[in-house]
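Worth knowing before you read on, the calculation uses all heavy atoms, side chains too, and leaves out hydrogens, waters and symmetry mates.
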Amino acid sequence: MELKDKLSALQQEALAKVNDASDAAALQQVKVEYLGKKGIITGLMKEMKSLPNEEKPMFGQLVNEARQAVEAAMTEKDTELKDKAINDKLANETIDISLPGRQFNVGSAHPLTKIVEELEDLFIGLGYEVVEGYEVETDYYNFEALNLPKSHPARDMQDSFYITEELLMRTHTSPVQARTLESRKGQGPVKIICPGKVYRRDSDDATHSHQFTQIEGLVVDENIKMSDLKGTLELFAKKMFGAEREIRLRPSFFPFTEPSVEVDISCFKCGGAGCNVCKGTGWIEILGAGMVHPNVLEMAGFDSEKYSGFAFGMGPDRIAMLKYGIEDIRHFYTDDLRFLEQFKAVEDGGSEHVSQ
């Protein structure tokens, strides 16, 4: 048959051109020439009308087989050309493996963030809930709900940033405790820690800042005693400063706790013998604490005859300064990379005390 012979010749011709194609563009040209919408092999289908009806199915099958043969050859050739291009590129390019690699700067947690996270992990492990609150507070929750009415002289201890007569930057995280107690509607237990920034009108120097961090804890339930507070603080001291640490409670005054105590830990540097860190006393003041004042419980809707509790407050800034040997609190807030980079070693398992 003349068309069959013509198809066979075109197939061989197309395969030869596929084989001779030197790049992807030449291969694409062969595809368009023979298999495109106006391609030579595609055009043979239009010539079937000249064949007898009994020969048309057979010829259509032969055309499809020719197309498939050319397409298969093109696929194989395309892979061959791609492999050749890669091999040529590898042969012509060289990599000097003696050159130093690129340096990627990796950051680390800020020392205050690290301390806060350590404290959160410790107290979460003891069943505490982490609760955060507003940095702009009302006078009521910052003072009055904590047994500090407007005429109370203890307000002078916390010189404040007032925005209006009733709004101020919080001076401690205790408002979070007051709001949490109020939200529980007189039903215990309550077991929370409250981390966050606080603000006081202080002159900035090596040990004071107008902005600093604080973590306060609160436990309220039936039959909570001073011994529960002491046991909690002993565990905190040993976890943060070493298993050998001891604590000492000294009478103090806070309007929202009664009785109130200042908490000291035995000096981790001299072991109690006396040194520059503990100022020769063998003890380091670390936080304030006490039993929740009945007035605070009553204002939040708790029956002070049924419920009791303890509260404590500490400064992660001070803990970090003691733990890492930092002498100036301002280092935490000036974002000096020379200072911050020292704590990469701590994160990588290096020394706990960073020299200045």
Verify side chain to side chain contact (heavy atoms under 4.5 Å, CB included) between Y34 and R67, making sure each step is shown before the conclusion. CA-CA 9 Å; Y34 289 91; R67 286 184 62 88; over 6 Å; no

Mind checking whether P255 and F253 have side chains closer than 4.5 Å, heavy atoms only? yes

Looking only at non-hydrogen atoms, find the nearest pair between M299 and N147 and report the distance. CE-N, 3.6 Å

Between the side chains of E33 and Q29, is a donor N or O closer than 3.5 angstrom to an acceptor N or O? no

Value rounded to 0.5 Å, distance of CD1 in I115 from CE in M314: 11.0 Å

Are any non-hydrogen side-chain atoms of D205 and T207 less than 4.5 angstrom apart? yes

Evaluate the side-chain proximity of D159 to R200: yes if any heavy-atom separation is below 4.5 Å, no if none is. no

For the CD1 atom of I284 and the CG atom of D264, what is their distance to the nearest 0.5 Å? 9.0 Å

Qualifying residues under side chain to side chain contact (heavy atoms under 4.5 Å, CB included), relative to D336, sequence neighbours excluded: T334, R338, F339

Would you give the length of the straight line joining atom CG of D335 to atom NE2 of H110, rounded to the nearest 0.5 angstrom? 6.5 Å

To the nearest 0.5 Å, atom CG of L167 lies from atom OG1 of T164 at 4.0 Å

Take E216 and S174 through the side-chain hydrogen bond (donor to acceptor under 3.5 Å, both in side chains) test and state the conclusion after the steps. CA-CA 7 Å; E216 297 190 26; S174 301; 2.6 Å; yes

In Å, rounded to the nearest 0.5 Å, how long is the span from CG of L249 to CG of L233? 7.0 Å

Show which side-chain atoms of residues 217-231 pair as donor or acceptor with protein atoms under 3.5 Å away, not counting sequence neighbours.
| unit_1 | atom_1 | unit_2 | atom_2 | d |
| --- | --- | --- | --- | --- |
| K225 | NZ | N223 | O | 3.3 |
| D228 | OD2 | K225 | N | 2.8 |
| K230 | NZ | E234 | OE2 | 2.8 |

Hey, quick one: are L119 and V130 part of the same hydrophobic cluster, counting side-chain heavy atoms closer than 4.5 Å, chains of contacts allowed? yes

Are M169 and F143 joined in one hydrophobic group, where the rule is that I, L, V, M, F, W and Y side chains link up if heavy atoms are under 4.5 Å apart? no

Determine whether P259 and M291 make a side-chain contact, defined as any pair of heavy atoms from C-beta on separated by less than 4.5 Å. yes

I'd like to know if E144 and K150 make a salt bridge, using a cut-off of under 4.0 Å between side-chain N and carboxylate O. yes

Minimum heavy-atom separation for R330 and D204, please, with both atom names. NH1-O, 4.1 Å

Contacts of type side chain to side chain contact (heavy atoms under 4.5 Å, CB included), residue V176, not counting sequence neighbours: V131, R170, T180, C194

Distance (rounded to the nearest 0.5 Å) between I265 CD1 and E244 CD: 11.5 Å

Whether K114 and E118 form a salt bridge (side-chain N of Lys/Arg under 4.0 Å from carboxylate O of Asp/Glu) is what I want to check. yes

Taking all non-hydrogen atoms of both residues, which atom of A320 and which atom of F332 are closest, and how far apart? CB-CZ, 3.7 Å

Connected via hydrophobic side-chain network under 4.5 Å: I329 and V277: yes

Between N142 and T171, is there a donor-acceptor pair closer than 3.5 Å when you use the side chain of the first and the backbone of the second? yes

Does a donor on one side chain and an acceptor on the other come within less than 3.5 Å for R245 and S266? yes

Should Y333 and L112 be marked as a side chain to side chain contact (heavy atoms under 4.5 Å, CB included) after you check the CA-CA gap, both sets of side-chain angles, and the distance that decides it? CA-CA 10 Å; Y333 304 107; L112 290 182; 3.8 Å; yes

For residues 300-307, which side-chain N or O atoms pair as donor and acceptor with protein atoms under 3.5 Å away, sequence neighbours left out?
| unit_1 | atom_1 | unit_2 | atom_2 | d |
| --- | --- | --- | --- | --- |
| D303 | OD1 | E305 | N | 2.9 |
| S304 | OG | E298 | OE2 | 2.6 |
| Y307 | OH | G188 | N | 3.1 |

Please collect all ring-ring contact (aromatic ring centres under 6.0 Å, His included) contacts where either partner lies in residues 184-242, sequence neighbours excluded, each pair once. F241-F268

Could you work out, with ring pair (Phe, Tyr, Trp, His ring centres under 6.0 Å) as the rule, every residue matching F123, not counting sequence neighbours? Y128, F312

